[in-house]
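So the structure is just underneath, and the comments pick up after that.
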2 protein chains.
Amino acid sequence: MKNNDRKFDILYSIIRDYIKTAEPVGSRTIERKYNIGISSATIRNEMADLEEMGYLVQPYTSAGRIPSDKAYRLYVDRFMKKVDVDSYIKEDVRSLYRHYFGELEEVMNKTAQILTKLTNLTSLVSTPNISGLNIKDIHLIHIEDERVLLVVITEQRIVKSAEIRLTGTPTDEMLEHVANFLNLSIKDMMTEFRASDFASRVDALTPGEQKIVSEVVNTIKVIFNSEEDSRVISNGVTEIFRYPEFRNDMDRTKSFLEAIHRQDLLSYLFSTVQDDSVSVRIGEENGMEELSNCSVISATYKINGRPVGTIGVVGPTRMDYDYCVSVIETLTNELTNHLDETIGGGKESDTSGR
Amino acid sequence: MKNNDRKFDILYSIIRDYIKTAEPVGSRTIERKYNIGISSATIRNEMADLEEMGYLVQPYTSAGRIPSDKAYRLYVDRFMKKVDVDSYIKEDVRSLYRHYFGELEEVMNKTAQILTKLTNLTSLVSTPNISGLNIKDIHLIHIEDERVLLVVITEQRIVKSAEIRLTGTPTDEMLEHVANFLNLSIKDMMTEFRASDFASRVDALTPGEQKIVSEVVNTIKVIFNSEEDSRVISNGVTEIFRYPEFRNDMDRTKSFLEAIHRQDLLSYLFSTVQDDSVSVRIGEENGMEELSNCSVISATYKINGRPVGTIGVVGPTRMDYDYCVSVIETLTNELTNHLDETIGGGKESDTSGR
DNA sequence: GTTAGCACTCACCATGCATGAGTGCTAACA
DNA sequence: TGTTAGCACTCATGCATGGTGAGTGCTAAC
């Protein structure tokens, strides 16, 4: 019915205005700034309705209205428009990426920086999670005495290294044997090692070598199973000072900053994303009391079509959803493409993205 | 003269009190809490003198006094006492370190965490700077196509790896040749490569291999010369909210946090340490406008007697210098010892520390 | 259903005032 | 000459007060 359309037109205007100004929006403001063609009195009536429906909140009796989380939800679900961000991004991003191939850490850092620069929000980027990936190659490098560097290359051509401390000093020959054995045994095998698969072939090795095998396998298990492996990098945490609702509220700022500096919370935040494409979680939807004033927009990036990590932004619920969603979407694609071009190349599945 | 002693007794009491309470200290407070045996009126006279001498500051006419940076300087130089922190630290730290050998990143993270936990201040830890170290070993691992992983082990047994992108796909044989050549040429040679040294021996290689050599050498140069290599890890940045002088001053908090999140500033901060042992820089002494409200206590840690990095804490100028200096001193020694035990072992120089 | 008008609410701001911590100065004392 | 008591003075802080203005809800008229 026509009536409801108008209600939501007004709601839309209020949300847009509040996103821009961070000030409670009054009926006269709507009448003046957005020509809906009805008087402020009528708008007032509609606003009263919208408040009763749970879309608006009045901070105090005679103030204007503020959109509720429910309003933002509606906005995101029904009113959000795609913004063409390519023009902003293409040049900048691609030329930036061009200089950072291979070094994943660096690529992720740059991505976070770009995200912050584009959105003026705190950005979060999780490093690729390699748990569950297949191993392609294993190398063992003797550092000195009982110290050995383990280098693992996955099917996706992600390189991981870790130091192993053996109980005794191995000879180069032993290490070579062990590496050869592992490469033969592990090829095309899931990182879920099962003892039985080894037992049949491990006999060919000396007891000392077998011991090394088990230490290496243990380390690989740790690397490939630990959640801890996938760190979340943050950037632009002080962007929060841009926003008056934080700048004028030390407590809020404090709890935001405390949350954003805790790896465990950030990991949790990203682990609870369900959406396959871009996820928007508004206020309490993100499931973290510490960030109940904030919205989180995130999406997963892929390597060879396999989701391996997440990028996102965190900011006040009053954020420009249209723009931010588009930025995240575009940047996720750019990142996925970049990774496929530089480290991808396995034939595991076809490349998604543009 | 006796007169001056009393003055500085009073100054000492004021500093101790202000460090503890963060409130301007009045003459009556001194009279009551610290029994110097003179009346508040006399103390007032002395305080007026101390103010004229530049040791005290009055925030407004009828308030108590606050120590100036000059006062803290005097305090650190003349009154500071060593605190026995071993009892706090020994068990905790050593058992913590015991689980993190080899993985330098991890060790540095833990160190920062311990520092924050012990001092309730923001801690900074720079990762070991390897520029200028000697190379012991070079390994090349073929990842795929034109991607090669370079692993460099220094005399100090620090392991660094970086990915190299060649212009064509090398054979395993080529990589082996190149690695052998480099290991022979580089052994015991400073990381300052000189073209002439190569020229004589490089002829034995094929043109393709020579190309790889130059790409590897370039990468090594980058690794070993870039300042960027030595990152500064921070921990406990939100500890700053503990301190009322920041908690009640958004601007101050903002600029602290903005500074502490800038790698370039942190690197600069650590690059300007001169002191060989524990360095204490009070307020503007640290040379950074952004941190002119803060003091920085830092010290360098070593591997095989060679200074390779810095650890430190940053906090309000009103900090417990006695305690913090002792913590930094002890922890630097513990870290140096730990590194010598786990990765050290080169005979370059004798081990310092306990 | 829409609008004008009006009384009402309440954050915000400026002002004024009392309070109290702390000072500087002076005069008396040892 | 150094120390102390006394006192007037200063000024941040807290609290009450009143005016202002943005904005509302309600009612009555269109």
Side-chain angles (χ1 to χ4, degrees), chain A residues 1-11 13-15 17-18 20-68 244-245 247-249, chain B residues 1-11 13-15 17-18 20-68 244-245 247-249:
Chain A
M1 48 183 147
K2 186 209 164 219
N3 210 344
N4 251 354
D5 276 4
R6 191 180 66 183
K7 244 189 206 37
F8 290 123
D9 274 1
I10 293 171
L11 181 58
S13 300
I14 293 172
I15 294 175
D17 200 78
Y18 186 68
K20 210 191 281 177
T21 65
E23 297 285 322
V25 187
S27 52
R28 286 230 36 218
T29 310
I30 298 297
E31 189 190 16
R32 265 181 286 125
K33 289 214 274 184
Y34 308 83
N35 45 349
I36 313 220
I38 49 178
S39 78
S40 65
T42 311
I43 294 173
R44 268 205 294 286
N45 288 332
E46 299 284 31
M47 281 165 83
D49 289 356
L50 285 165
E51 181 168 1
E52 200 170 352
M53 293 163 77
Y55 290 114
L56 293 178
V57 169
Q58 223 176 349
Y60 51 90
T61 317
S62 72
R65 257 88 168 194
I66 289 178
S68 67
E245 58 267 53
R247 195 175 47 231
N248 301 323
D249 186 338
Chain B
M1 47 182 146
K2 190 212 163 216
N3 213 344
N4 250 355
D5 277 3
R6 191 180 65 181
K7 246 189 206 31
F8 291 123
D9 275 0
I10 292 170
L11 181 58
S13 300
I14 293 172
I15 295 175
D17 200 78
Y18 186 69
K20 210 192 280 179
T21 64
E23 298 284 322
V25 187
S27 53
R28 285 232 32 220
T29 310
I30 299 296
E31 189 190 17
R32 265 181 286 127
K33 291 215 273 187
Y34 308 83
N35 44 350
I36 312 219
I38 48 179
S39 79
S40 64
T42 312
I43 294 173
R44 268 205 294 288
N45 289 333
E46 299 285 29
M47 280 164 83
D49 289 356
L50 285 166
E51 182 168 0
E52 199 169 353
M53 294 162 78
Y55 291 115
L56 293 179
V57 170
Q58 224 175 348
Y60 50 89
T61 317
S62 72
R65 257 88 169 192
I66 288 178
S68 68
E245 57 267 53
R247 196 173 50 228
N248 302 323
D249 186 339

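Throughout, protein chains are lettered first and strands after them, A, B, ... in sequence-line order, and every chain is numbered starting at 1. If you're wondering where the values come from, they're calculated on a predicted model, not measured in any experiment.
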What are the two closest non-hydrogen atoms of [X] and [Y], and how far apart are they?
X	Y	value
Ile38(A)	Arg6(A)	CD1-CD, 3.6 Å
Thr61(B)	Gln58(B)	O-NE2, 2.6 Å
Val25(B)	Ile14(B)	CG2-O, 3.8 Å

N/O (side chain, [X]) to phosphate O (OP1/OP2, [N]) under 4.0 Å:
X	N	result
Ser27(B)	dG22(C)	no
Ser39(B)	dT4(D)	yes
Arg44(A)	dA22(D)	no
Thr61(B)	dT23(C)	no

Review point. Do the side chain of Ser62(A) and the base of dT9(C) come within less than 3.5 angstrom through a donor-acceptor pair of N or O atoms?
Key: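 When only heavy-atom distances are counted, Ser62(A) does reach the base of dT9(C) through a donor-acceptor pair under 3.5 Å.
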
**Study point:** Pairing partner (Watson-Crick or G-U wobble, both distances under 3.5 angstrom) of dA28(C)
**Key:**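 WC or wobble partner is dT3(D).
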
Point to revise | Counterpart base for dT15(C), defined by Watson-Crick or G-U wobble contacts under 3.5 Å | key: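 Across all strands, the one nucleotide that pairs with dT15(C) is dA16(D).
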
Which is true for [X] with a 4.0 Å heavy-atom rule: it touches a base, it touches only sugar-phosphate, or it touches nothing?
X	answer
Ser40(B)	nothing
Ala63(A)	sugar-phosphate
Arg28(B)	nothing
Thr42(A)	base

Review point. When you measure from the side chain of Met47(B), which nucleotide among dT23(C), dT3(D), dA5(D) comes out closest?
Key: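 Comparing dT23(C), dT3(D), dA5(D) against the side chain of Met47(B), the answer is dT23(C).
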
Exercise for review: Could you work out which one of dT23(C), dA4(C), dG23(D) sits closest to the side chain of Thr29(A)?
Suggested key: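 My answer, after comparing the listed nucleotides, is dG23(D).
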
Check your understanding: What's the verdict on side chain to side chain contact (heavy atoms under 4.5 Å, CB included) for Lys33(B) and Asp17(B), showing C-alpha distance, side-chain angles and the deciding distance?
Key -> CA-CA 9 Å; Lys33(B) 291 215 273 187; Asp17(B) 200 78; 2.8 Å; yes

Check your understanding: Side chains of Pro24(B) and Arg65(B): does their closest heavy-atom pair fall under 4.5 Å?
Key ->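 No - every pair of side-chain heavy atoms lies 4.5 Å or more apart.
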
Over how many whole Å does the gap from [X] atom [atom1] to [N] atom [atom2] extend?
X	N	atom1	atom2	result
Glu51(A)	dG23(D)	CD	P	15 Å
Ile43(A)	dA22(D)	CD1	C1'	15 Å
Tyr60(B)	dT13(D)	OH	C1'	8 Å
Ile14(A)	dG23(D)	CD1	C1'	13 Å
Glu46(A)	dT2(C)	CD	C1'	11 Å
Glu23(B)	dG22(C)	CD	C1'	13 Å
Ile38(B)	dA30(C)	CD1	P	18 Å
Asn45(A)	dT3(C)	CG	C1'	10 Å

Check your understanding: Rounded to the nearest 0.5 Å, what separation is found between the OG1 atom of Thr42(B) and the CD1 atom of Ile30(B)?
Key ->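 Between atom OG1 of Thr42(B) and atom CD1 of Ile30(B) there are 13.5 Å.
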
